[in-house]
Amino acid sequence: MLEEVERWLADRSWSAADRPLDQLLDRKRAAGTTVSVVLPALDEEATVGAIVEVIRRELIEGLPVPLVDELVVIDSGSTDRTAEVAAKAGARVVHRDDVLPRIPALPGKGEVLWRSLLATEGDIVCFVDADLRDFSAAFVSGIVGPLLTDPDVQFVKAMYDRPLGDTPGQGGRVTELVARPLLNLHWPQLAGFVQPLGGEYAVRRCLLERLPFPVGYGVELGLLVDALHTVGLDALAQVDVGVRVHRHQDGQALGRMAAAIYRTAQVRLSRGHLVRPELTQFERGPEGFVPRTYPVDTEERPPMAGIKEYARRRVA
């Protein structure tokens, strides 16, 4: 590990318990900083309501100053009751297609996160995946904390244990097999991140609006790499929030995620010839193995600061 990264691990890795809630509220009140929490959601009726309820109960209601000013669920085309459940629990629900309608929406998580910048107002934007179980408010307060207390920090990722079923530490298979090797080999300054692909992170809006967003599964790696190049390693941090329990994808879905992440990395490594943006997988059928070819997410949205609707709103 680079000496720079060893120093960074000592200086920029914290626990959620290092910053008590009352300290965060004092800093938030003094600075007048606003916080938006965004939950990107697709068919998450089983979990989204409980997450919203915890955030409302522990970080909004009954506090002298709410830690969270805005709680938004961006529905990316759910066919279940995700929107209804989220709204009933107290979130503002926005459909992906209603944000920036002049640009047709593409499928993918990164697309939803990009559009969320136009659907929110907070100085700090905190992203939380909507499939988490046994959700703790520390997932929000922990990663927002450094941004409220340290003006030099601009991007904070959550770190946590990821069990696979009943087996501790075996989740995050795409992280260990794809993302971590890529980062260690090509961006060794980022080798200290425990969960580089985790969906829970908080970022200052003034940085997010300057970054391009891969529309699909590559968004987390893309934002992390581009943030490093934009603001430097010392502006990045991570906070231990405990254990993350969520729904796990099957092996073929993980393969498609891995291909999108590799493609996102390859775009950043070379602006020349790109890898073929397709992935063929095999499923057993009545006559044997059948090839299925899927497109790999290749589109990226430009920095939101260059979108005219966003620029008009910021001027207003």
Side-chain angles (χ1 to χ4, degrees), residues 31-42 68-78 82-83 86-87 91-130 144 147 151 154-156 199 201-232 235-236 260 263-268 271 274 277 295-316:
T33 306
T34 55
V35 177
S36 298
V37 174
V38 172
L39 277 68
L42 177 63
V68 173
D69 301 279
E70 192 174 33
L71 177 53
V72 181
V73 170
I74 310 287
D75 186 356
S76 58
S78 298
T82 291
R92 176 163 64 91
V93 179
V94 179
H95 194 282
R96 174 200 61 195
D97 296 343
D98 294 333
V99 182
L100 201 59
R102 75 174 175 87
I103 300 179
L106 296 169
K109 179 184 180 183
E111 178 83 356
V112 176
L113 301 186
W114 182 69
R115 289 174 187 262
S116 76
L117 297 185
L118 257 173
T120 57
E121 299 279 352
D123 303 311
I124 295 170
V125 182
C126 175
F127 297 120
V128 176
D129 281 350
V144 166
L147 298 170
Q154 297 200 45
F155 188 120
V156 183
Y201 46 105
V203 192
R204 297 192 192 278
R205 179 178 292 271
C206 59
L207 172 58
L208 274 180
E209 64 188 13
R210 297 160 59 195
L211 302 179
F213 278 63
V215 301
Y217 286 121
V219 64
E220 271 82 31
L221 183 135
L223 290 177
L224 189 59
V225 168
D226 292 341
L228 172 69
H229 291 309
T230 303
V231 295
L236 314 182
R263 167 78 177 198
T264 299
Q266 202 263 348
V267 167
R268 280 151 180 77
R271 294 295 172 179
L274 299 180
V296 172
D297 296 320
T298 59
E299 297 292 337
E300 297 203 9
R301 294 303 193 186
M304 186 58 80
I307 300 298
K308 62 183 182 181
E309 289 89 342
Y310 187 82
R312 275 200 304 266
R313 192 187 75 176
R314 299 294 281 176
V315 169

Keeping the roles fixed (side chain from [X], backbone from [Y]), state whether a donor-acceptor pair exists under 3.5 Å.
X	Y	answer
Trp114	Pro302	yes
Arg313	Glu121	no
Glu299	Val215	no
Asp75	His95	no

For the residue pair [X] and [Y], what are the closest heavy atoms and their distance?
X	Y	value
Thr34	Asp69	CA-OD2, 3.2 Å
Ile124	Ala202	CG2-CB, 4.2 Å
Val112	Pro40	CG1-CB, 3.8 Å
Gly122	Ser36	N-OG, 2.8 Å
Val94	Ala119	CG1-CB, 4.5 Å
Leu100	Arg115	O-NH1, 3.1 Å

So, using salt bridge (Lys or Arg N to Asp or Glu O under 4.0 Å) as the criterion, who are the partners of Asp123 when residues are at least two apart?
none
Taking atom [atom1] of [X] and atom [atom2] of [Y], what is their separation to the nearest 0.5 Å?
X	Y	atom1	atom2	answer
Ile74	Thr120	CD1	OG1	7.5 Å
Phe155	Leu224	CZ	CG	5.5 Å
Thr33	Leu147	OG1	CG	9.5 Å
Glu111	Glu300	CD	CD	11.5 Å
Lys109	Leu42	NZ	CG	12.0 Å
Phe213	Met304	CZ	CE	7.5 Å

With the side chain counted from C-beta on, respond yes when [X] and [Y] share a heavy-atom pair under 4.5 Å apart, and no when they do not.
X	Y	result
Gln154	Thr230	no
Leu39	Val128	yes
Val219	Phe127	no

Residues which pass side chain to side chain contact (heavy atoms under 4.5 Å, CB included) with Pro303, listed by chain and number, not counting sequence neighbours
Pro212
Here the salt bridge (Lys or Arg N to Asp or Glu O under 4.0 Å) pairs for residues 92-102, sequence neighbours left out, are Glu70-Arg92, Arg102-Glu309
